[in-house]
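Here is the structure we will look at, set down as structure tokens.
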Amino acid sequence: MLSRLMSGSSRSLERDFSCTVRLLDDSEYSCTLQRDAKGQYLFDLLCHHLNLLEKDYFGIRFVDPDKQRHWLEFTKSVVKQMRSQPPFTMCFRVKFYPTDPAALKEEITRYLVFLQIKRDLYHGRLLCKTSDAALLAAYILQAEIGDYDPGKHPEGYSSKFQFFPKHSEKLERKIAEIHKIELSGQTPAMSELNFLRKAQTLETYGVDPHPCKDVSGNAAFLAFTPFGFVVLQGNKRVHFIKWNEVTKMKFEGKTFYLYVSQKEEKKIVLTYFAPTPEACKHLWKCGIENQAFYKLEKSSQVRTVSSSNLFFKGSRFRYSGRVAKEVMESSAKIKRDPPEIHRAGLVPSRSCPSITHGPRLCSVPRTRRRAVHISIMEGLESLRDSAHSTPVRSASHGDAFVAHARSGRAESSERVAVIADEAYSPSDSVLPTPVAEQSLELMLLSRHSNGAPCSIEEEKEPAGGANTPEAEAETRELRALCPGVGGAGGVARAEQVNKLVFSVLRLLLVTVGLLVVLLLLLIILTESDLDVAFFRDIRQTPEFEQFHYQYFCPLRRWFACKIHSVLRLLIDT
């Protein structure tokens with residue numbers, strides 16, 4: 001009896017899996033879920049942990065072994081969406097940015113959105129000019145350390161915080177000046193609200209950049225915002241299309257199509273090329289969800305969208321949540337005492353050093369500086385490894401990047417360029433944002449963006465040349481992260497072959513099905529006595545009569561003779 005109970009408990013443990021979700025303040029929430037648990041269950045657990053009611057703006061993001069990002073679908077099983085083995089690691093992030101953050105009902109919701117936009121500012125996704133950047137950083141400073149105090153904040157205190165990928169001393173002085181003079185007396189909640197109001201006015205508010213190329217081969221970033229679809233090249237927004245002007249989105253392989261209908265019946269089709277088919281599908285799904293959330297009046301208007309043709313299955317997808325208007329109406333009905341907010345303050349942060357004390361430009365350990373001290377790329381090129389997008393592995397950009405990096409290392413391995421204040425853009429980052437926002441992956445992604453192969457021996461660099469346990473553990477992690485090491489490449493090739501075989505089989509099945517349908521229709525026309533107007537009209541045409549007497553009847557007699565011959569042969573034997 002005891003052994004039976006023990007075996008039953010071990011089987012239940014095998015059905016469970018552990019999951020860790022990294023929250024916006026860089027704390028972690030760990031839980032154990034059953035094998036058949038769906039994404040909605042995990043999301044509800046997180047929102048209960050955060051005491052969050054206005055939860056429709058948020059989502060859970062994860063990265064597959066191919067470094068492709070995905071939003072966890074709440075209607076599907078968590079395990080079935082993962083392409084790796086447990087334990088799973090995910091991130092809790094803002095998925096749909098509020099059209100007006102100040103209109104959010106609860107302070108806890110505004111605080112979480114504030115953390116997300118502060119993260120966007122640091123990783124270079126929120127572009128702004130120098131004056132706006134200084135004001136935004138001063139709001140962060142006021143929210144986190146309070147009023148300026150000469151006894152606690154000596155000269156140059158703002159340099160101990162890093163709000164952007166990099167900034168100059170002049171900008172630091174401007175931030176401190178605004179903090180000292182203009183923001184005194186503001187509570188953390190008021191500073192965060194003012195920060196959100198300012199960020200909302202920027203063109204790249206809510207941008208989730210997807211790296212692509214246009215038809216001319218130029219690098220571009222596609223993004224979906226609360227107000228519409230945008231295309232960014234360099235530091236400029238080259239296209240902005242409102243949601244009500246977007247009529248259709250579809251993808252075929254790596255190609256993404258956006259159909260636009262503007263005034264005066266002007267119709268255009270924008271075509272872009274994603275780095276991989278998986279990245280293109282992710283782009284398409286994000287577009288479908290954003291358009292449904294911001295454009296529709298009711299969730300009952302949501303329809304299943306297909307990106308398929310006659311012979312191939314393609315993809316079918318349906319947004320499953322509420323739309324923005326319904327979310328706002330639901331928020332207005334919230335009646336409870338405001339929950340207590342535990343702000344991060346000066347707790348150390350792994351991926352957003354704006355709340356940590358440290359060097360102004362870089363606080364990366366010496367053994368990793370080679371991987372992160374890279375040259376500045378123009379505009380949004382630093383978002384190639386953005387925490388919101390899929391890395392682009394482009395040979396043309398990689399070659400240019402390598403040349404800049406080599407020249408920078410030749411001058412000095414410790415010096416980092418600082419851009420001019422007059423043309424300040426947080427996107428001109430010296431730190432490419434890691435995929436999983438971890439220092440270990442930062443090394444790998446930096447080397448990939450420089451066109452360098454992944455080298456385990458070159459990255460570990462144990463002290464004194466000794467193989468310490470820490471170095472061996474790091475080596476195992478690096479091998480797990482390097483694409484193509486072990487059996488990962490073979491598995492990817494096998495999946496591609498399986499996809500090709502399935503496509504060919506679908507084509508054959510569709511062809512055979514069409515032939516069977518045509519044969520059945522022909523038999524009904526020639527052999528049946530159905531007196532239907534449609535059939536009668538076809539039977540009376542000269543062409544059909546000629547086909548019937550010259551071809552079909554002889555063919556029928558030939559088949560009848562063959563069948564009789566086979567039957568006689570069987571009877572004789």
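Scope of the values below: all heavy atoms of this structure, side chains included, with no hydrogens, waters or symmetry mates.
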Rounded at 0.5 Å granularity, tell me how far [atom1] in [X] sits from [atom2] in [Y].
{"X": "L258", "Y": "T271", "atom1": "CG", "atom2": "OG1", "answer": "9.0 Å"}
{"X": "F88", "Y": "C19", "atom1": "CZ", "atom2": "SG", "answer": "7.5 Å"}
{"X": "S131", "Y": "K174", "atom1": "OG", "atom2": "NZ", "answer": "8.0 Å"}
{"X": "L53", "Y": "K333", "atom1": "CG", "atom2": "NZ", "answer": "14.0 Å"}
{"X": "R22", "Y": "I60", "atom1": "CZ", "atom2": "CD1", "answer": "13.5 Å"}
{"X": "Y319", "Y": "L296", "atom1": "OH", "atom2": "CG", "answer": "9.5 Å"}

Got a salt bridge between [X] and [Y], using NZ or NE/NH1/NH2 to carboxylate O under 4.0 Å?
{"X": "K285", "Y": "E73", "result": "yes"}
{"X": "R61", "Y": "D208", "result": "yes"}
{"X": "E192", "Y": "R343", "result": "yes"}
{"X": "E289", "Y": "K95", "result": "yes"}

Looking at every heavy atom in both [X] and [Y], which two are closest together, and how far apart are they?
{"X": "H210", "Y": "C286", "answer": "CE1-SG, 3.9 Å"}
{"X": "K254", "Y": "T276", "answer": "CG-C, 3.9 Å"}
{"X": "V246", "Y": "K295", "answer": "O-NZ, 3.6 Å"}
{"X": "A137", "Y": "I175", "answer": "CB-CD1, 3.5 Å"}
{"X": "K267", "Y": "S261", "answer": "CG-OG, 4.2 Å"}
{"X": "L126", "Y": "A199", "answer": "CD2-CB, 4.2 Å"}

Looking at residues at least two apart in the chain, or sitting in another chain, which of them share a ring pair (Phe, Tyr, Trp, His ring centres under 6.0 Å) with [X]?
{"X": "Y272", "result": "none"}
{"X": "F74", "result": "F43"}
{"X": "F256", "result": "none"}

(message) Can you pull out every salt bridge (charged side-chain N to carboxylate O under 4.0 Å, His left out) where at least one residue sits in residues 45-57? Sequence neighbours excluded, please.
(response) D44-K55, D56-R322
Between [X] (side chain) and [Y] (backbone), is there a donor-acceptor pair under 3.5 Å?
{"X": "T201", "Y": "K198", "answer": "yes"}
{"X": "D25", "Y": "S27", "answer": "yes"}
{"X": "R83", "Y": "K80", "answer": "no"}
{"X": "E106", "Y": "I108", "answer": "no"}
{"X": "S330", "Y": "E326", "answer": "no"}
{"X": "Q116", "Y": "L112", "answer": "no"}
{"X": "S168", "Y": "L171", "answer": "yes"}
{"X": "W243", "Y": "T225", "answer": "yes"}

(request) Identify, with sequence neighbours excluded, every residue that meets side-chain hydrogen bond (donor to acceptor under 3.5 Å, both in side chains) alongside H239. (result)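 Residues passing side-chain hydrogen bond (donor to acceptor under 3.5 Å, both in side chains) with H239: none at all.
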If we count only N and O atoms by modelled type, under 3.5 Å, do the side chains of [X] and [Y] hold a donor and an acceptor together?
{"X": "S159", "Y": "E169", "value": "no"}
{"X": "Y97", "Y": "D120", "value": "yes"}
{"X": "T20", "Y": "E28", "value": "no"}

(request) Using the side-chain hydrogen bond (donor to acceptor under 3.5 Å, both in side chains) rule, take Q233 and N218 through it: C-alpha gap first, then chi angles, then the decisive distance, then the call. (result) CA-CA 8 Å; Q233 286 183 325; N218 300 317; 5.7 Å; no
(request) List the steps and the verdict of side-chain contact (heavy atoms from CB on, under 4.5 Å) for E107 and I341. (result) CA-CA 8 Å; E107 184 181 340; I341 300 176; 3.4 Å; yes
(request) Report, as yes or no, whether the 6.0 Å neighbourhood of atom NZ on K281 holds more than 12 heavy atoms from other residues, nucleotides or ligands. (result) no
(request) Tell me, please, whether Y257 has K250 positioned over its six-membered ring: NZ or CZ under 6.0 Å from the ring centre and within 45 degrees of its axis? (result)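 Yes, a cation-pi geometry.
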(message) Within 45 degrees of the ring normal and closer than 6.0 Å to the centroid, is that where the cationic atom of R119 sits relative to Y122?
(response)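 R119 over Y122 ring: no.
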(request) Could I get the full list of side-chain contact (heavy atoms from CB on, under 4.5 Å) partners for L196, not counting sequence neighbours? (result)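 So L196 forms a side-chain contact (heavy atoms from CB on, under 4.5 Å) with P101, R110, V113, F114, I117.
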Heavy-atom check, side chain of [X] versus side chain of [Y], under 4.5 Å:
{"X": "N194", "Y": "Q186", "value": "yes"}
{"X": "P209", "Y": "L222", "value": "no"}
{"X": "Q40", "Y": "T75", "value": "no"}
{"X": "L141", "Y": "F163", "value": "yes"}
{"X": "F161", "Y": "I140", "value": "no"}
{"X": "M90", "Y": "V78", "value": "yes"}
{"X": "F317", "Y": "T304", "value": "no"}
{"X": "K76", "Y": "K38", "value": "no"}

(request) Measure the acute angle between the ring planes of F293 and F96, then classify it against the limits of 30° and 60° as parallel, tilted or perpendicular. (result)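 Correct class here is parallel.
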(request) Report the residue from F62, F58, Y29 that forms a ring-ring contact (aromatic ring centres under 6.0 Å, His included) with F92. (result) F58
(request) Could you walk me through whether T204 and R125 pass the side-chain contact (heavy atoms from CB on, under 4.5 Å) test, one step at a time? (result) CA-CA 7 Å; T204 49; R125 294 186 289 267; over 6 Å; no
(message) Using the rule given for salt bridge (Lys or Arg N to Asp or Glu O under 4.0 Å), can you reason through K118 versus E144, listing the C-alpha separation, both sets of side-chain angles and the distance that settles it, and then say yes or no?
(response) CA-CA 12 Å; K118 185 179 72 171; E144 293 184 350; 2.6 Å; yes
(request) Please report the C-alpha distance between F227 and F240 in whole Å, then the side-chain angles of each, then the deciding distance to 0.1 Å, and finally whether the side-chain contact (heavy atoms from CB on, under 4.5 Å) criterion is met. (result) CA-CA 9 Å; F227 313 103; F240 171 68; 4.0 Å; yes
(request) Just do the side-chain contact (heavy atoms from CB on, under 4.5 Å) check on Y259 and E245 with the steps written out, would you? (result) CA-CA 9 Å; Y259 294 80; E245 296 176 345; over 6 Å; no
